[in-house]
There are 2 protein chains.
Amino acid sequence: PGKAKDKIVNVGKSIKKLGKDDPRRVIHSLKVGLALTLVSLFYYLKPLYDGFGMSGMWAVLTVVVVFEFSVGATLGKGINRACATLSAAALGVGSLHLSSLFGKEGEPIVLGFLVFLLAAAATFTRFFPKIKARYDYGVIIFILTFSMISISGYRVDSLLEMAHQRLSTILIGGATCIFISIFVCPVWAGQDLHNFIASNIEKLANYLEGFGGEYFQVTEDKDSGGDSKKDKSFLQGYKSVLNSKTTEEALANFAKWEPGHGRFLFRHPWKQYLKIGALVRQCAYQIEALNSHLTSDMQTPPEFTRVIQESCINMSSESGKALKSLSSAIKSMKHPNSATQRVENSKTAVNDLKAALEAAAIEDSDLLAIISAATVASTLFEIVECVEKISESVH
Amino acid sequence: PGKAKDKIVNVGKSIKKLGKDDPRRVIHSLKVGLALTLVSLFYYLKPLYDGFGMSGMWAVLTVVVVFEFSVGATLGKGINRACATLSAAALGVGSLHLSSLFGKEGEPIVLGFLVFLLAAAATFTRFFPKIKARYDYGVIIFILTFSMISISGYRVDSLLEMAHQRLSTILIGGATCIFISIFVCPVWAGQDLHNFIASNIEKLANYLEGFGGEYFQVTEDKDSGGDSKKDKSFLQGYKSVLNSKTTEEALANFAKWEPGHGRFLFRHPWKQYLKIGALVRQCAYQIEALNSHLTSDMQTPPEFTRVIQESCINMSSESGKALKSLSSAIKSMKHPNSATQRVENSKTAVNDLKAALEAAAIEDSDLLAIISAATVASTLFEIVECVEKISESVH
């Protein structure tokens with residue numbers, strides 16, 4: 001019983017954490033409940049029920065399937081569903097007429113053949129990456145509606161009335177979803193994408209700002225050795241950036257459906273975000289390579305450390321600061337003036353180091369010992385280049 | 001008109017390419033068509049129609065929504081749908097009984113409240129990453145079925161008969177999907193995951209095998225300069241590995257649903273694949289860092305090149321060969337004996353280089369000039385380590 005209690009407490013904790021991490025999740029759950037309750041009025045209120053009958057069920061179905069976390073996803077699904085239902089209904093009615101030309105015997109055969117043909121063709125289009133990304137749901141609904149109409153139309157006589165009722169309830173369900181998702185605490189995918197990119201840049205910035213001190217062990221808290229562990233989380237933050245591609249692409253796809261909101265206009269250049277995201281990932285890969293040298297146990301000879309330490313710390317912290325000001329510039333949507341200066345600073349540091357390396361004549365020094373530190377320096381060169389590219393693309 | 005013709009030709013070409021790249025796509029499309037046609041027999045054949053009536057529609061709906069590309073995905077959705085429908089139906093009937101205790105006035109209010117509560121709670125569980133990964137569809141169907149039953153039950157009198165008809169048609173639809181997906185040219189997600197990992201390792205292997213020659217420009221086809229461009233595609237192959245995480249996780253999730261097939265037993269250790277995949281990605285990040293030095297225009301002094309060239313080429317090609325034999329060992333599911341030897345070889349090369357670097361006393365050499373080559377060497381150290389880890393985890 002103690003174990004079961006522990007488990008319940010754990011589940012409770014993770015529920016609380018989930019809600020605290022992003023309170024919009026709780027709100028979203030309530031919104032779905034609200035939309036369903038609104039739609040179920042179709043059944044409870046007699047006058048409405050008399051109008052729609054069992055078709056009210058389709059409004060419920062639509063709400064459950066269409067309502068998504070962000071406005072973009074909801075709109076995308078709603079529009080997909082509406083367009084697919086309309087076009088499939090038209091085609092379905094057409095194919096019913098066509099098949100009726102073949103007589104009582106031929107009708108089901110022709111209908112079956114048409115369903116087979118369209119379902120196979122539509123399923124195949126789902127493999128196109130572009131259709132998969134934006135219209136996947138629409139294609140499914142298309143197949144669904146077309147086969148339902150052409151199959152059940154064979155038995156149901158009041159087809160047009162049924163189609164009319166179903167269409168209007170689907171529209172009502174979809175409209176309810178879209179209305180609630182836009183006007184009750186909306187979650188904009190575009191805004192999310194914007195913040196996601198900014199916070200990814202910030203994660204890299206945190207790493208770079210801290211890296212110099214960490215690598216050369218010039219931490220101020222030398223006395224309190226045990227205490228230094230707690231603030232090393234910044235060294236792990238960048239890892240989530242490595243796999244950010246899928247999230248970014250999904251958000252950008254949703255954002256394309258959204259109308260203008262806040263500081264974003266309709267047709268905001270969402271593709272630009274994907275470009276920045278790719279550059280940021282590029283930078284994160286370099287940081288990953290850098291990171292493997294943090295734990296290296298090779299001792300760099302102090303004479304070499306003296307040559308590179310200052311400019312390496314400068315490169316790393318200046319490019320980190322450049323990223324930080326880029327990130328806050330993105331957040332406030334202002335022109336990143338200070339970032340340009342920081343990038344210049346880090347480029348100066350690169351040149352300093354290059355000059356120092358050229359000048360440094362280390363006599364019969366152990367090349368193996370300096371190789372790790374040299375790699376750090378050269379990876380930092382690459383990072384400065386990346387940061388410059390990011391800075392350019394943000395403008 | 002010429003333009004429109006071009007477009008049509010282009011679309012035709014991309015359809016052909018899509019089908020050629022993976023002929024299973026065409027077969028899958030035909031399978032969906034077949035399943036739909038089978039299920040539509042419910043309508044066309046009079047005796048069956050008399051048994052199920054309009055509920056036959058639910059079989060169509062189930063087929064369209066449940067049928068997925070791989071067996072695992074189809075099974076997962078089918079099982080999710082069946083379990084969710086059953087539990088939601090039980091809960092729905094229960095809540096109908098409960099609400100009927102509150103009299104004609106109170107019933108819709110209590111029902112509405114219950115729908116709101118359950119929909120909100122179930123929607124919230126969708127935010128748990130584990131539930132999202134494996135049971136997302138089940139939760140949606142749960143909400144759908146529960147609200148439909150508790151809402152329409154308020155109006156429909158023959159509730160139990162309706163529920164019975166609907167359940168059996170859903171089961172028939174789901175069973176049709178599962179049957180066809182398993183017995184007609186099955187696509188196993190587990191097999192796909194297996195091949196995916198093996199081909200990713202091979203991509204890295206191709207890169208590493210070619211890298212040494214590429215970096216030190218010791219290509220044999222010096223004479224035919226124009227011809228050398230065509231075989232450089234191996235330098236790009238590794239890029240797709242960088243973003244492989246999502247695909248691997250999705251495939252592993254599907255694979256968990258699959259029964260034993262071919263050389264895979266049920267409960268095959270799919271998690272192990274994810275671990276190998278993560279290590280492979282780690283290696284790909286290092287290769288990405290390596291790759292930025294291929295285009296570097298810095299001239300390495302020949303005296304330094306002489307020191308590192310042989311062992312660098314050895315490290316790179318031996319670790320490439322190690323990966324290649326790992327990949328083919330995975331493909332044939334045999335013990336990778338030769339890989340161990342290759343890993344040993346590459347470790348020897350690492351030690352050779354380390355010794356050479358220690359011995360090499362390059363007098364007043366330009367440190368800046370050698371830094372890029374030194375980075376290549378040190379990154380290759382890391383790669384050899386990665387390859388060793390991959391080799392260990394494959395065993």
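Chain letters run A, B, ... following the sequence lines, proteins first and then strands; every chain starts at 1.
Using a 4.5 Å cut-off on side-chain heavy atoms (C-beta onward), A:Phe67 and A:Lys77 make no contact. Put simply, the side chain of B:Lys245 does not reach to within 4.5 Å of the side chain of A:Lys245, judged on heavy atoms. Side-chain contact between A:Ile131 and A:Val139 is present, with at least one heavy-atom pair separated by less than 4.5 Å.
For the options A:Ile15, A:Thr125, A:Leu117, heavy-atom pairs under 4.5 Å to chain B are most numerous at A:Ile15. Most heavy-atom pairs under 4.5 Å with chain B, from the set A:Gly112, A:Ala35, A:Gly19: that is A:Gly112. Contact count against chain A (heavy-atom pairs under 4.5 Å) is highest for B:Leu144 among B:Val32, B:Leu144, B:Thr37. The candidate with the highest count of non-hydrogen atom pairs below 4.5 Å against chain A, out of B:Ser244, B:Gly33, B:Ala119, is B:Gly33. Top candidate by heavy-atom pairs under 4.5 Å with chain A, chosen from B:Ile140, B:Val115, B:Leu30, B:Val65, is B:Leu30. When each of B:Pro129, B:Ser147, B:Ala121 is scored by its heavy-atom pairs under 4.5 Å with chain A, the top score falls to B:Ser147. Ranked by heavy-atom pairs under 4.5 Å with chain B, the first of A:Ile109, A:Val63, A:Asp22, A:Leu36 is A:Leu36.
For A:Leu290, no part sits under 4.5 Å from any heavy atom of chain B, backbone or side chain. Heavy atoms of B:Phe69 lying under 4.5 Å from chain A belong exclusively to its side chain. Proximity to chain A (any heavy atom under 4.5 Å) is shown, for B:Val26, by both the backbone and the side chain. Proximity to chain B (any heavy atom under 4.5 Å) is shown, for A:Ser14, by both the backbone and the side chain. Proximity to chain A (any heavy atom under 4.5 Å) is shown, for B:Ile141, by neither the backbone nor the side chain. Neither the backbone nor the side chain of B:Leu118 comes within contact range of chain A; no heavy atoms are under 4.5 Å apart.
Residue A:Val39 forms a side-chain contact (heavy atoms from CB on, under 4.5 Å) with just one option from A:Leu61, A:Thr62, A:Leu34, A:Val60, and that option is A:Val60.
Judged by distance alone, the side chains of A:Gln286 and B:Tyr285 never bring a donor and an acceptor atom under 3.5 Å apart. Judged by distance alone, the side chains of A:Thr123 and B:Ser29 never bring a donor and an acceptor atom under 3.5 Å apart.
A distance-only check finds a donor-acceptor pair linking the side chain of B:Ser99 to the backbone of B:Leu96 [under 3.5 Å]. Looking only at distances, no side-chain donor or acceptor of B:Arg281 sits under 3.5 Å from a matching main-chain atom of B:Val241.
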Q: Take B:His28 and A:Phe124, measure what ring-ring contact (aromatic ring centres under 6.0 Å, His included) needs, and give me the verdict at the end.
A: CA-CA 8 Å; B:His28 172 70; A:Phe124 190 74; 9.9 Å; no
